[in-house]
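What follows is a set of notes on a single structure, which appears directly below.
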Amino acid sequence: MLDWLMETGKISYVGLALTTLLMIKVYHLGYDRSFFVGHKTNASILAMTGEIMAAAVLCMALVKRESFRRGLYGILALAVVVNMVSEGNACFVDRVSLKKGDPEYFGELYSRDIQQALNYVRATDPEFCRVEKAYVGATACMDSLAQEYRGISTYNSTMNGNLKDFVQTCYPGLMYSDTNHYQFVKVAEDSEFAAFCGVRYVLSKDAGMSQYGYKLVKRFGDVRLYKNTNSACIGTVQTVSISEESFRKLCDGENSVDILNRAIVLENGQNYDSIDKIPEDENESRIFLNSPKKESEISGWVTSEKNGYAVFKIPYENGWKIYLDGEEQEIEKADLGFLGIKVPAGSHRLQLEFSPPLLEQGLKLSAVFWALYLLFLLQFYYDRRKANQN
């Protein structure tokens with residue numbers, strides 16, 4: 001590409017302008033959303049070197065003097081090197097890259113005490129619930145993947161947008177480093193928020209968690225297993241609703257759990273101008289979800305005295321189907337980022353199933369193109385053999 005530019009001096013000015021503007025916008029957002037100085041510095045360096053590269057490419061297209069263009073080529077190469085070194089350093093140092101044979105990391109990740117505590121939970125509690133840590137384990141946010149428990153700490157570079165909206169609006173304290181990292185240890189002392197998210201059990205190395213609304217269940221070596229004294233369930237039923245518009249006006253980041261415990265947030269819910277005007281939900285209800293053997297299938301039951309809405313603390317996204325007594329229900333976005341359905345009074349069987357969107361269509365298209373590719377190969381070899389024979 002650069003050889004072609006050096007030879008012809010032609011570029012797409014519109015393409016270069018759009019690329020530069022998009023780059024500046026992305027790095028500006030990255031700077032604003034970064035918590036650490038190192039991340040902000042890296043975003044600034046990437047933005048500056050990107051602008052220098054764009055300017056160098058523009059000048060190479062406008063200037064025809066060969067010696068001057070070679071100088072610009074050198075500046076461009078230097079900017080690329082600085083850009084790569086800065087990003088590489090941020091990835092290796094600021095992300096605390098794993099060192100081979102790190103005893104502290106592997107000792108924590110494969111801790112026998114933690115596995116014994118988790119096995120105890122699996123053996124004594126058949127319900128689908130969440131487990132979390134009140135301390136930083138082997139990783140900042142991703143221990144649950146290796147130790148096979150369901151928590152709320154996580155990292156995803158393409159985080160679910162509905163979940164991000166919920167966290168940024170209701171509980172920004174959960175964010176660690178940026179909007180794509182969530183770390184429970186930052187909010188572990190708020191047992192009510194933990195209960196809202198379905199966190200029933202907390203692993204801790206601190207003997208003082210009882211003062212925050214947790215009850216010590218059992219100790220496994222250095223790890224203490226605590227149980228949330230608040231009702232912590234993945235699913236709940238609510239009969240009072242509040243509109244998203246009203247919720248965003250009333251929510252200040254500290255009263256969010258209080259509002260969410262009073263009413264379900266729906267796009268077309270009731271409008272309120274004061275928290276005190278939201279009526280108390282006196283409905284007697286219960287949702288029980290079996291601990292799933294497959295992440296894509298969850299079964300259970302729901303019982304409710306009144307008609308209402310069932311809210312599941314599972315991120316809202318395409319691909320979910322929810323069945324009530326075998327009949328598929330219309331799913332609504334509830335509490336800004338979770339799954340919700342209407343539930344009539346009485347007892348009902350529940351079934352939640354997830355299938356990646358467009359998976360079936362993708363498989364069919366793949367099969368079609370593989371068939372075309374095989375036909376192409378057959379034709380190619382047939383023509384080649386025919387040519388050799390001639």
Side-chain angles (χ1 to χ4, degrees), residues 1-100 102 105 136 138-142 145 153-169 172-183 186 317:
M1 182 66 180
L2 284 175
D3 292 340
W4 182 81
L5 175 61
M6 292 286 287
E7 182 179 347
T8 64
K10 295 179 180 180
I11 61 169
S12 170
Y13 295 104
V14 174
L16 180 63
L18 291 176
T19 302
T20 304
L21 291 173
L22 179 62
M23 174 192 64
I24 293 173
K25 177 66 174 179
V26 169
Y27 288 135
H28 178 72
L29 289 174
Y31 182 92
D32 289 341
R33 295 179 179 180
S34 296
F35 288 79
F36 299 135
V37 174
H39 292 176
K40 290 182 178 291
T41 301
N42 180 52
S44 299
I45 293 174
L46 296 181
M48 287 188 291
T49 53
E51 291 169 6
I52 291 172
M53 285 187 276
V57 169
L58 178 62
C59 291
M60 289 172 69
L62 296 175
V63 178
K64 304 303 179 183
R65 189 175 176 181
E66 189 65 22
S67 59
F68 190 72
R69 295 177 75 187
R70 290 188 179 278
L72 291 171
Y73 190 93
I75 294 174
L76 180 62
L78 180 61
V80 170
V81 171
V82 173
N83 188 289
M84 294 175 62
V85 170
S86 177
E87 178 66 6
N89 178 73
C91 290
F92 184 80
V93 177
D94 292 333
R95 294 186 182 181
V96 195
S97 298
L98 174 62
K99 311 298 190 298
K100 185 177 180 180
D102 187 337
Y105 174 87
V136 178
T139 66
C141 308
M142 301 297 288
L145 287 182
S153 298
T154 188
Y155 164 74
N156 194 328
S157 58
T158 56
M159 186 70 73
N160 181 300
N162 299 305
L163 190 60
K164 290 176 74 171
D165 184 22
F166 167 78
V167 172
Q168 291 175 322
T169 303
L174 184 64
M175 291 187 291
Y176 165 79
S177 170
D178 54 44
T179 58
N180 293 323
H181 286 80
Y182 300 153
Q183 191 181 60
K186 292 168 58 62
E317 59 183 321

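In this chain, residues are counted from 1 in sequence order. Nothing here was measured: the structure is a model prediction, and the numbers come from that model.
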* To do: Carefully, step by step, assess L22 and L18 under the rule side chain to side chain contact (heavy atoms under 4.5 Å, CB included).
  => CA-CA 6 Å; L22 179 62; L18 291 176; over 6 Å; no
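- M175 is listed as a side-chain neighbour of Q168, based on a closest heavy-atom distance under 4.5 Å.
- A distance of 6.0 Å separates CZ of F68 from SG of C59, quoted to the nearest 0.5 Å.
- Side-chain atoms of T49 come within 3.5 Å of backbone N or O of L46 as a donor-acceptor pair.
- Residues N42 and E87 have side chains that bring a donor and an acceptor to within less than 3.5 angstrom of each other.
- Considering every non-hydrogen atom in both S157 and N180, the closest pair reads O-ND2, 3.8 Å.
- The shortest side-chain heavy-atom distance between V136 and Q183 falls under the 4.5 Å cut-off.
- Checked by atom type and distance alone, the side chain of K40 pairs as donor or acceptor with a backbone atom of Y31 at under 3.5 Å.
- Rounded to the nearest 0.5 angstrom, K164 NZ and T179 OG1 are separated by 3.5 Å.
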* Evaluate side chain to side chain contact (heavy atoms under 4.5 Å, CB included) for M142 paired with L145, printing each intermediate quantity in order. => CA-CA 6 Å; M142 301 297 288; L145 287 182; 3.1 Å; yes
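- Shortest non-hydrogen contact noted between Y176 and K186 is CB-CD, 3.9 Å.
- Considering only heavy atoms from C-beta on, I52 comes within 4.5 Å of I75 through its side chain.
- G50 and N83 make their closest contact through N-ND2, 4.5 Å (heavy atoms, listed as atom of the first residue, atom of the second, distance).
- Atom NZ in K25 sits 6.5 Å away from atom NE2 in H28 (nearest 0.5 Å).
- For the pair C141/Y182, no side-chain contact is recorded, criterion being any heavy-atom separation below 4.5 Å from C-beta on.
- Here the closest heavy-atom approach between residue N156 and residue T158 is recorded as OD1-N, 2.8 Å.
- Going from atom NE2 of H181 over to atom CE of M159 covers 8.5 Å, rounded to the nearest 0.5 Å.
- At least one side-chain heavy atom of L62 sits under 4.5 Å from a side-chain heavy atom of L58.
- The two atoms that bring A79 and M53 nearest to each other are CB-CG, 3.6 Å, heavy atoms only.
- In this structure a side-chain-to-backbone donor-acceptor pair under 3.5 Å is present from T169 to D165.
- Atom CD1 of I24 sits about 11.0 Å away from atom OG1 of T19, to the nearest 0.5 Å.
- Considering all non-hydrogen atoms of both residues, L16 and A54 come closest at CD2-O, 3.9 Å.
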